[in-house]
Amino acid sequence: MKNIYLPIILLATILLSGCYKHDDINSSSEEKIIAVPEDSKDPLDKFIYEFYKNYNSVIYYNYVQDDYQWNMDKRNDNIYTPQKDKYMLDEGIVYLKKVFLDAYDDEFKKNHFPPAIFLAQRIDVDEDAVQIEDATSYYGISHLAIGKIRNGIENLSNEELIEAKASINADFWGGYLFKCGKINIPDAFYDISKKYYQTNLLRLSENSGKAKSEIDIRSYGFWQEDPSWAWGGDSYMFTPKKHDDIISFVKLITTHTAEEMDALLGDFSRLREKYNILTKYVKEDFGVDLQEIGNHGIN
């Protein structure tokens with residue numbers, strides 16, 4: 001049986017200054033090799049081999065911490081717990097197709113998918129001010145991680161699949177692609193809320209004397225507060241960082257129809273302008289209609 005050998009880059013051995021595909025790594029980089037039988041009848045092996053051959057993106061389920069814990073020039077404390085049960089991994093691939101892979105055409109996958117996609121039964125994030133237990137997905141500068149690949153994934157409700165779709169697509173666009181600098185959102189998008197990014201809205205003079213419940217963050221062009229300030233309670237109402245702003249938009253757009261989005265945008269003019277700019281940019285520069293992904297629901 002002939003084996004095809006796929007590389008996995010050990011990021012700890014590379015001084016990273018940006019994002020890359022496998023071909024961008026020079027020969028001095030250390031690589032771990034995994035064997036995938038070319039003529040294997042195992043559906044998982046065949047899928048991983050074909051996926052790598054077609055898109056130069058490797059789906060990993062057998063890995064160690066050093067394979068993903070380096071992000072730029074610093075190490076994080078994230079933990080991805082591998083899922084090695086073949087049945088669960090097969091079901092994980094079916095799930096991944098529904099909530100992520102099938103939303104994009106071959107050309108887009110070939111040009112924009114990350115070098116590595118990690119399948120995990122559990123993801124625990126501990127990076128800077130972000131702590132998430134049992135995350136649905138996460139990202140690094142060279143990878144996307146898909147969590148909760150475990151018993152029950154084959155029986156998720158439509159609502160649970162929609163939640164997963166929101167998380168994975170948002171982490172792909174607002175996490176991996178944004179952090180890599182692979183997307184350059186027009187300044188006009190940020191200018192709409194420019195003076196409010198990373199601002200405690202409770203401290204604005206216009207909100208003097210108001211309780212947090214009396215302030216609608218949507219009127220400032222944001223969907224949600226900065227998640228890293230969740231501990232602040234009623235004393236803080238911090239607006240998000242730019243990448244969290246993108247994440248919140250993608251979560252909603254890819255899981256709601258155009259009619260539903262129109263209702264959510266309502267009379268919030270800043271949100272509507274940002275929605276129009278973002279969807280137009282992604283469609284013109286990437287050939288992806290984010291709203292159409294939302295219109296289709298679960299594939």
Side-chain angles (χ1 to χ4, degrees), residues 5-26 29-34 36 44 47-49 51-84 89 92-93 95-97 99-101 103-104 108-128 130 132 134-149 164-165 167-183 243 246-247 250:
Y5 294 93
L6 307 181
I8 183 167
I9 307 301
L10 295 184
L11 300 183
T13 67
I14 307 168
L15 179 61
L16 294 171
S17 59
C19 303
Y20 52 83
K21 294 291 272 185
H22 287 308
D23 291 345
D24 298 327
I25 304 299
N26 62 45
S29 303
E30 183 178 347
E31 293 183 349
K32 222 170 104 175
I33 303 297
I34 61 171
V36 175
L44 183 64
F47 184 84
I48 289 174
Y49 168 67
F51 196 84
Y52 175 70
K53 185 176 74 172
N54 292 332
Y55 312 124
N56 199 29
S57 180
V58 186
I59 296 174
Y60 294 110
Y61 59 88
N62 187 16
Y63 49 84
V64 296
Q65 290 180 8
D66 279 342
D67 297 332
Y68 61 81
Q69 277 195 324
W70 284 82
N71 205 2
M72 296 299 283
D73 59 349
K74 64 181 179 181
R75 187 178 182 120
N76 58 56
D77 293 315
N78 301 338
I79 300 295
Y80 302 167
T81 304
Q83 173 58 267
K84 298 182 182 181
L89 289 165
I93 294 296
Y95 159 81
L96 191 55
K97 288 179 179 179
V99 298
F100 181 58
L101 299 181
Y104 303 96
F108 180 85
K109 290 173 186 171
K110 189 183 300 181
N111 292 322
H112 302 294
F113 265 27
I117 298 175
F118 293 97
L119 300 183
Q121 60 175 297
R122 183 182 174 98
I123 295 173
D124 292 299
V125 177
D126 187 359
E127 186 172 2
D128 296 326
V130 180
I132 309 171
D134 200 15
T136 299
S137 57
Y138 205 59
Y139 55 87
I141 61 165
S142 64
H143 74 269
L144 187 66
I146 311 299
K148 300 186 179 181
I149 308 296
K165 182 181 180 183
S167 174
I168 295 168
N169 283 279
D171 278 342
F172 173 64
W173 286 95
Y176 167 68
L177 287 177
F178 183 92
K179 288 295 185 74
C180 274
K182 287 181 174 287
I183 56 175
H243 85 275
I246 302 299
I247 282 175
V250 174

Rounded to the nearest 0.5 Å, what's the gap from OH on Tyr104 to CZ on Phe172? Could you check? 6.0 Å
Closest heavy-atom contact between Ser142 and Pro114? O-CB, 3.9 Å
Rounded at 0.5 Å granularity, tell me how far CG in Leu119 sits from CD1 in Ile93. 5.0 Å
So that I know where these two stand, are His143 and Tyr63 an aromatic pair - ring centroids less than 6.0 Å apart? no
Using the six-membered ring wherever Trp is involved, compare the ring planes of Phe108 and His112 and label them parallel, tilted or perpendicular (cut-offs 30° and 60°). tilted
Is a side-chain N or O of Gln121 found less than 3.5 angstrom from the main chain of Pro82, in a donor-acceptor match? yes
Determine, step by step, whether Tyr61 and Ile149 satisfy the side-chain contact (heavy atoms from CB on, under 4.5 Å) criterion, reporting the C-alpha distance in whole Å, the side-chain angles of both residues, the deciding distance to 0.1 Å, and the verdict. CA-CA 10 Å; Tyr61 59 88; Ile149 308 296; over 6 Å; no
What distance separates Asp124 CG from Asp77 CG, expressed to the nearest 0.5 Å? 11.5 Å
To the closest 0.5 Å, what do you measure between CG (Leu96) and CD1 (Ile168)? 6.0 Å
Testing the basics here: between Lys109 and Leu101, what is the closest heavy-atom pair and its distance to 0.1 Å? CE-O, 3.0 Å
Rounded to the nearest 0.5 Å, what's the gap from CD1 on Ile183 to NE2 on His243? Could you check? 11.0 Å
Give a yes or no on whether the backbone of Asn78 and the side-chain of Asp126 come within a donor-acceptor separation of less than 3.5 Å. no
Closest non-hydrogen contact found for Ser137 with Ile123 is CA-CD1, 4.0 Å
How close do Thr136 and Ala164 get, heavy atom to heavy atom, and via which atoms? CG2-CA, 3.9 Å
What are the two closest non-hydrogen atoms of Tyr176 and Phe113, and how far apart are they? OH-O, 4.1 Å
Kindly give the heavy-atom pair with the smallest separation between Asn54 and Lys110, and that separation in Å. O-CE, 3.6 Å
Measuring from Phe118:CZ to Leu144:CG, what's the distance to the nearest 0.5 Å? 10.5 Å
